[in-house]
Amino acid sequence: MTAASSHNRPDIADLLAFYASVGVDEPLEDQPVNRFAEIVPKPMERAPTATPSGNTAAQQRSTTVSRPEAIDRANAPPVARAPSATVPDEAQAALARQLATTATTLDELRQHMAAFDGCNLKATAKNLVFADGNPEAAVMLVGEAPGRDEDIEGVPFVGRSGRLLDRMLAAIGLDRTSVYIANVIPWRPPGNRTPTPHETEICRPFIERQIELVNPKVLINLGGPSAKTLLNTSEGILRLRGNWRVHTTASGVAIPAMPTLHPAYLLRTPSHKKLAWRDLLEVKAKLRAIG
Ligand code: URA
């Protein structure tokens, strides 16, 4: 690129930095797409004219590609496009419910989830992020969805917020041998975007069954999405946190649940760590009372 042309086009390093800053840190297709080609001015539109094929010139242009794209795509092998990230499909939610119900162990549940293709998030995720910790634990924590580090390792809460979570647990004498950790959504949403309500509904039977199979004495909901999904409420997390609620399993077991602030939120809002600390003291007292 010449010095003159670099004044007219965004610098590629700036573009990549912008993508990273908004969470776009993963290529979703094997072949890169030349976005610069899309900002080259298109030839001026002409009034529609009939062509020998019977199509107007505009119709013909829509079936052939404009010149910069033609140059790019001619050299690129065919690309299998990832499906769009949201497929509203009640049939998939029904299948998830059936698979979840028929799993009688955590291993079976993991296998059913690994074989399930009904949630589009799986298409862009590297790994199923099923769980970490001790399935016999009295305490189960449920977050929202895996991030980049969790997606790479296939283990929940191993990135920055996971390290904070470990410190929070240590403060009340717990660690990953004495808790079990999972997420509402087991596949990383691309670019860490918020899972759609449909994706949440499709994944909900799996986490509900996971809770039922672990059967913890206490559930901790990390953040609003976990609390809202598993406690059937639309209240915000700042209202919910600190107050005991109940998660009722499909078979009717009532599990005390403590909604608290998500570690990722606490990293952004450290002044609220004291609130999470109070919530964890409640959990500690409850565990002592339960014995
Ligand atoms: N945030 C979550 O909610 N879950 C993880 O596993 C990691 C970050």
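When a ligand or atom number is given, it counts from 1 through the structure's own listing order.
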Distance-only check: which donor-acceptor pairs under 3.5 Å involve side-chain atoms of residues 164-174, not counting sequence neighbours?
unit_1	atom_1	unit_2	atom_2	d
D166	OD1	R176	NE	2.9
D166	OD1	R176	NH2	3.2

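- Judged by distance alone, with hydrogens and angles left aside, the side-chain atoms of K228 form no donor-acceptor pair with the main-chain N or O of G223 at under 3.5 Å.
- Among protein residues, G143, E144, A145, P146, E150, P156, F157, S161, N183, H262 come within 4.0 Å of ligand 1, judged on heavy atoms.
- Ring geometry for H272 against Y265 counts as tilted: the plane angle lies between 30° and 60°, on a 0 to 90° scale.
- Scored by the side chain to side chain contact (heavy atoms under 4.5 Å, CB included) test, K217 finds A138, I290 as partners (sequence neighbours excluded).
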Check residues 179-187 and write down every donor-acceptor pair under 3.5 Å in which the side-chain atom is one partner and the other belongs to a residue at least two apart or another chain.
unit_1	atom_1	unit_2	atom_2	d
Y180	OH	Q210	NE2	3.1
N183	OD1	E144	N	3.3

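- One finds a salt bridge joining E90 and R97 here, because a Lys/Arg side-chain nitrogen approaches an Asp/Glu carboxylate oxygen to under 4.0 Å.
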